[in-house]
> 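I'd like to ask you about the structure that follows.
Values below: every heavy atom of this structure, side chains too, minus hydrogens, waters and symmetry copies. All figures in this text were calculated on a predicted structure; none of them were measured in a lab.
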Amino acid sequence: MTNDIYGPFPGGPAFLDALTDGQRARSEELGANLDAVERRIAAACDAAGRARGEVRLIVVTKTYPAEDSALLAGLGVTDVAENRDQDAAPKAELCANLPLEWHFVGQLQTNKVRSVVRYANRVHSVDRPRLVGSLSAAVLKAERAELGCLVQVALDKEAGEGEGRAGVAPADVEALADAIAAAPGLRLDGVMTVAPLAGPLAGDPARAFGRLAEISTVVRATHPAATMVSAGMSGDLEQAVAAGATHVRVGTAVLGVRSPLG
């Protein structure tokens with residue numbers, strides 16, 4: 001492995017020249033996968049009557065090495081996501097000179113907050129008032145720019161399911177959104193969900209993401225700038241785009257099947 005791919009970031013042919021044969025092969029594989037995902041997103045936007053520019057791709061790089069993150073940057077990817085701080089922190093440090101925005105999408109414990117705010121541009125998984133307070137305090141102490149936050153919505157909790165799962169019940173979204181918007185150092189960017197595994201919306205991502213769109217509309221009535229709707233993954237990005245998602249989080253379709261430990 002060569003450190004050249006981690007920056008200063010040259011981009012273009014200069015980046016490709018720094019790759020080993022193995023890195024070049026992996027870059028070609030990732031590039032082909034990205035092209036396929038791009039075609040899917042473009043087709044979904046066309047079917048929904050939306051402009052392609054309305055939907056942003058976030059590549060979920062969890063369980064994959066920092067080298068893949070660097071190769072993705074070389075291919076023009078601007079947004080990557082991680083779900084565990086112990087994996088994300090060293091990757092983000094190694095890739096600090098690359099033009100990447102880091103999204104934290106996993107369940108976040110308060111004892112990891114100080115670490116996460118060192119590198120994350122956005123946290124998609126805000127689901128309780130205590131976490132809001134911890135994030136705010138950590139951002140202020142770090143004297144960094146505002147941290148973008150999304151309310152993670154657990155749609156299964158609307159039907160009394162999903163006890164113990166990450167995310168806030170739809171009925172509690174507005175109060176948590178208000179808390180984020182009022183917290184110093186935080187910026188309310190919107191809402192996020194994962195297609196539910198239980199309840200009446202389980203197995204029906206189109207309806208699930210439609211419900212998230214309704215919740216987003218309610219939040220934006222009070223917080224007009226909170227326009228992000230983070231929804232959809234490799235298997236259901238088309239339904240998410242049809243429902244109005246502004247950001248889709250795609251991992252497997254770009255990077256390949258994850259290891260069992262992922």
> Could you check whether any side-chain heavy atom of T193 comes within less than 4.5 Å of a side-chain heavy atom of F209, counting everything from C-beta outward?
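In short, these two side chains touch, coming nearer than 4.5 Å.
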> Strictly distance-based, threshold 3.5 Å: is any side-chain N or O of R118 a donor or acceptor partner for the main-chain N or O of A142?
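It does not hold such a pair.
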> For the side chain of D236 and the backbone of M233, is there at least one donor-acceptor N/O pair under 3.5 Å apart?
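A pair under 3.5 Å: yes.
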> Report yes or no: does T110 contribute a side-chain atom to a donor-acceptor pair with the main-chain N or O of L131 at less than 3.5 Å?
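Not at all, since once roles are kept as given, no pair shorter than 3.5 Å links the two residues.
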> Any side-chain heavy-atom pair from F15 and L75 closer than 4.5 angstrom?
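They are not in contact (no side-chain heavy atoms under 4.5 Å apart), so the answer is no.
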> Can you name the nearest heavy-atom pair linking A166 to Q107, along with the distance?
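Smallest heavy-atom distance, with atoms named: CB-CD, 3.9 Å.
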> Testing L237, V241, V229 for side-chain contact (heavy atoms from CB on, under 4.5 Å) with V55, which one passes?
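It is V241; the other options fail the test.
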> To the closest 0.5 Å, what do you measure between CD (Q109) and CZ (R84)?
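Here the interatomic distance stands at 13.5 Å.
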> E82 and side-chain contact (heavy atoms from CB on, under 4.5 Å): which single residue from V60, V105, T61 fits?
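Only match with E82 under side-chain contact (heavy atoms from CB on, under 4.5 Å): T61.
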> Could you tell me whether the side chain of S136 and the main chain of V132 form a donor-acceptor pair under 3.5 Å?
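Here the side-chain-to-backbone pair does not exist.
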> Specify the closest pair of heavy atoms between K91 and P65, including all atoms of both residues, with the distance to one decimal.
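So the two residues come closest at CE-C, 4.2 Å.
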> Which heavy atom in D156 sits nearest to a heavy atom in L197, and how many Å separate them?
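That would be OD2-N, 4.3 Å.
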> Donor-acceptor pair, distance only, cut-off 3.5 Å: does the side chain of T246 make one with the backbone of M228?
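Checked: no pair found.
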> Quick check for you: to the nearest 0.5 Å, what is the distance between E54 atom CD and C45 atom SG?
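The distance works out to 7.0 Å.
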> Hey, are the side chains of L255 and N33 touching, using non-hydrogen atoms and a 4.5 Å cut-off?
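Result no, sub-4.5 Å side-chain heavy-atom pair not found.
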> I'd like to know if R26 and E67 make a salt bridge, using a cut-off of under 4.0 Å between side-chain N and carboxylate O.
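Salt bridge absent between R26 and E67.
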> Does any N or O in the side chain of R122 come within less than 3.5 Å of the main-chain N or O of L150, such that one atom is a donor and the other an acceptor?
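The answer is no, because no donor-acceptor pair under 3.5 Å joins these two groups.
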> Are the side chains of I215 and L155 in contact, using a 4.5 Å heavy-atom criterion?
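L155 reaches I215 side chain to side chain.
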> Could you go through the side-chain contact (heavy atoms from CB on, under 4.5 Å) check for V173 and V218 one step at a time?
CA-CA 9 Å; V173 168; V218 172; over 6 Å; no
> Kindly determine whether V254 and L72 satisfy side-chain contact (heavy atoms from CB on, under 4.5 Å), including the steps that lead there.
CA-CA 10 Å; V254 173; L72 288 167; 4.0 Å; yes
> Using atom types as modelled and distance alone, determine if a side-chain donor or acceptor of S125 lies under 3.5 Å from a backbone N or O of L108.
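Absent.
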> Is any side-chain heavy atom of L71 closer than 4.5 Å to a side-chain heavy atom of L19?
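A side-chain contact exists here, since the closest heavy-atom pair is under 4.5 Å.
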> Within the 4.5 Å heavy-atom criterion, are L34 and V59 side-chain neighbours or not?
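In short, these two side chains touch, coming nearer than 4.5 Å.
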> Is there a donor-acceptor pair closer than 3.5 Å between any side-chain N or O of N121 and the backbone N or O of W102?
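Yes, the answer is positive, given that a donor and an acceptor are paired below the 3.5 Å cut-off.
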> I need the single residue from R50, R40, R39 that forms a salt bridge (charged side-chain N to carboxylate O under 4.0 Å, His left out) with E238. Which is it?
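It is R40, the one option of R50, R40, R39 that forms the salt bridge (charged side-chain N to carboxylate O under 4.0 Å, His left out) with E238.
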> Within the side chain of R144, is there an N or O that forms a donor-acceptor pair under 3.5 Å with the backbone of V117?
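Side chain of R144 to backbone of V117: a pair is present.
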> For the side chain of R24 and the backbone of L16, is there at least one donor-acceptor N/O pair under 3.5 Å apart?
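Yes.
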> Would you indicate whether the side-chain heavy atoms of T78 and E101 approach each other to under 4.5 Å?
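Side-chain contact under 4.5 Å: no.
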> Over 60° means perpendicular and under 30° means parallel, so classify the ring planes of H247 and H103, tilted if in between.
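H103 and H247: tilted rings.
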> State yes or no: do L135 and I180 share one hydrophobic cluster built from I, L, V, M, F, W and Y residues joined by side-chain heavy-atom distances below 4.5 Å, directly or via other members?
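Result: yes, single cluster for both.
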> Any side-chain donor-acceptor pair under 3.5 Å between H223 and D178?
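There is such a pair between these side chains.
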> Given the rule in the side-chain contact (heavy atoms from CB on, under 4.5 Å) test, do E146 and V139 qualify, once you have shown the distances and angles that lead to the verdict?
CA-CA 7 Å; E146 280 186 327; V139 169; over 6 Å; no
> Are side-chain heavy atoms of V248 and V37 found at a separation under 4.5 Å?
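Result no, sub-4.5 Å side-chain heavy-atom pair not found.
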